[in-house]
K.L.:
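Pasting in a structure now, in structure tokens, and then I'll have a few things to ask.
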Amino acid sequence: MTTKQATPPEASYRQPFYKRVLGVTELGVFAAVAVFFVAFTLADKSMANPANLARMALQGSFLGLAAFAMSFLMIAGEIDLSSGGTAGLSAAVAGVLMMNFGWPEWASCTAALAAAVLVGLLNAFITLKVHMPSFFATLGTSFLVSGLAIWILKGAWFYVADQIPALLKVLNPSPLFALPWIFIALLMAYLVGDFLMRTSRLGPTLMAVGGNRRAAEIVGINVPLVKTLCFVFVSVCCGLAGILVMAYSGTTDASIGDGWLLWVIAIAIIGGGSLQGGTGSIIGAFFGTVLIQIIRMGLLNANVQTNAQGIVIGVILIVAASLDVLRRKSIQY
Amino acid sequence: MTDVVTNKRIEAGAADRQPLLEAKGISKAFGHVQALDNVDFELYPAEVVALIGDNGAGKSTLVKILSGIYRKDSGQIYFEGQPVELRGPKDAERLAGISTVYQDLALVDVRDVGSNIFLNMESTRWGIFINFRRLYADARRVIDLLKIDMPSVRVNVGELSGGQRQGVAISRALARGRRIFIMDEPTAALGVEQQHKVNELIANLKREGKTVLVISHNLEHVFTVADRLIVLRRGKRVGTRLKSQTTKEEIVGLITAAVKGDVPD
Ligand SMILES: Nc1ncnc2c1ncn2[C@@H]1O[C@H](COP(=O)(O)OP(=O)(O)O)[C@@H](O)[C@H]1O
Ligand SMILES: [Mg+2]
């Protein structure tokens, strides 16, 4: 603001090199992917074989889809703990409509996604109209939708594999390295989503809504609308993921989304997301998904017990989050 | 009304000009507290007005009515001579070009200066992609207009000093074509050097033809930046002085009722 000293021309200004490197949100997770992949491959050659990679791509796509949507919602400053429950509910709705009511595949899936939309609207309503933090609001709906799924299925499980030719095609290998179509589609979604966050008004809008709600309101952004759309988007993606898991396993039971929640949040945070909102990375969540999948598969190949997997992932999550705090501090914001 | 007489002297120089914003007979009560009692108020183009008074005098209440946050009990507000009804902050911004720079400044710390200034009004290519080159060039222009010391408009706002942040908040309002800038205690949280920067910022806004209304406890600050001082005491406008025609002693007297006001208490 001083008039005495001339402002240096914009072009001559450059962030110091270390800041530009550390400013890359996805730096840590990308490095971790590389390190773990190399380490597990050295330990067991089968890690890098194409069939194994294709299988990992398929298995990782379900959580990856949920985490994709969750990273938008978390940037907008909210969280959805009902992701697994919504996946289970959608699968239950689709299964019951197909098997008990004889609905065709497309109609059952559409109805299942409509149910997911309702869950998203309910989450948005409780958070934005009742003014309850989304952490608690969605914890409540999480129990609600899980209970609904169990109630709809009445304890039964359905064998649906014969009824879902179209869904199964999505899981088939594509000509591209035999990677499944669902993975190709998800990768495209991540790339487009990340690109739009960087280049379109989507990025500034979501970051303002999550980073400083008052700032967003002052400039006329419809904050409740933006958040509602994010909630619904998460629910729909989780519902879709639930239907796809149903197709993958060939059966519907109420436990389809059990245990998803923590994985999805872990992926979004490892990928650069923050529980405070405002920051995060879409493509980071993709690397987060890849990392989790590599670690799970690597530990499985190494015959590490499932509960020990939890320990390893827990340590990685804590280290990742701590390193991220340090990284942010070192570039001061 | 009595203060019409006393205002003659004050407004002698401005008599030929129409006020940009005018409020007549504004009253507002909270329960049995009469926060504002039949207050007249006017802002002219390109002037800096300081609104001063003791704690509880009604300054914040008046400002909140002008920025659409509180509804007045009675009275009328005019913008460029036309009556306006301010039902919310959006009305104040759109109908009367009033932008209030809040103490918390409400900036998005994780976005850069340019993105904050043009938030939600980014120009796009094909309606989708932000034209960042243009955004940063325009941001640079606004920043330079106000002579804000800012090495780059690509720095995240979270890294800026208090004075720079204030500059970004004001640039954001300026970019939206606002003409009246209300600043409630703009220097309260700032060090001496940053206070100087805010003073320069206010002077530069005036030079750009904008009107600034400053609320401040700091008489030193008020006497540096303001052209005109309006004193409130217990909900009444007790005095209006051109800075060039008054002294700190007189103003302190008006605030504390040691000097008899222009209207009876
Ligand atoms: N929202 C409110 N509810 C009740 N009383 C209020 C409210 N706002 C202000 N007041 C009262 O109105 C009077 C004027 O307050 P205010 O406008 O904040 O004064 P100032 O900003 O000059 O210190 C005070 O007596 C204050 O207690
Ligand atoms: Mg006040």
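Chain A is the first sequence line, chain B the second, and so forth, proteins listed ahead of strands; every chain is numbered from 1.
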K.L.:
Would you mind listing every side chain to side chain donor-acceptor pair (under 3.5 Å) that reaches into residues 128-138 of chain A, with sequence neighbours excluded?
P.N.:
A/Glu78-A/Ser134
K.L.:
Which atoms of A/Leu196 are under 4.5 Å from chain B, going by heavy atoms: the side chain, the backbone, both sets, or neither?
P.N.:
side chain
K.L.:
Could you pull out the closest heavy-atom pair between B/Arg111 and A/Gly203, with the gap in Å?
P.N.:
NH1-C, 4.2 Å
K.L.:
Quick check: are there more than 12 heavy atoms from other residues, nucleotides or ligands sitting under 6.0 Å from CZ of A/Phe30?
P.N.:
no
K.L.:
How close do A/Val219 and B/Arg172 get, counting heavy atoms only, and between which atoms?
P.N.:
CG1-CD, 3.7 Å
K.L.:
Going by salt bridge (charged side-chain N to carboxylate O under 4.0 Å, His left out), name the residues that satisfy it together with A/Arg198, two or more places apart in sequence or in a different chain.
P.N.:
A/Glu26, A/Asp194
K.L.:
Suppose we screen for salt bridge (charged side-chain N to carboxylate O under 4.0 Å, His left out). Which residues come up paired with B/Glu80, at least two apart in sequence or across chains?
P.N.:
B/Arg179
K.L.:
More than 12 heavy atoms of other residues, nucleotides or ligands under 6.0 Å from CZ of A/Phe125: is that the case?
P.N.:
no
K.L.:
Might you point out which heavy atoms bring A/Ala215 and B/Ala106 nearest each other, and give the distance in Å?
P.N.:
CB-O, 2.9 Å
K.L.:
With a 4.5 Å heavy-atom cut-off (strictly below), which parts of residues 115-125 of chain B touch chain A? List them by number.
P.N.:
B/Leu119, B/Asn120, B/Met121, B/Glu122, B/Thr124
K.L.:
Assess whether atom CZ of B/Arg207 is packed by more than 12 heavy atoms of other residues, nucleotides or ligands within 6.0 Å.
P.N.:
yes
K.L.:
Do you know which two heavy atoms are closest between B/Ile130 and A/Ser200, and how far apart they sit?
P.N.:
CD1-O, 3.3 Å
K.L.:
Inspect the surroundings of CZ in A/Phe135 and state if more than 12 heavy atoms from other residues, nucleotides or ligands are less than 6.0 Å away.
P.N.:
no
K.L.:
So, taking the atom named OG1 in A/Thr279 and the one named CG in B/Asp109, what distance separates them when rounded to the nearest 0.5 Å?
P.N.:
11.0 Å
K.L.:
State whether the number of non-hydrogen atoms from other residues, nucleotides or ligands found under 6.0 Å of A/Arg201 atom CZ is greater than 12.
P.N.:
yes
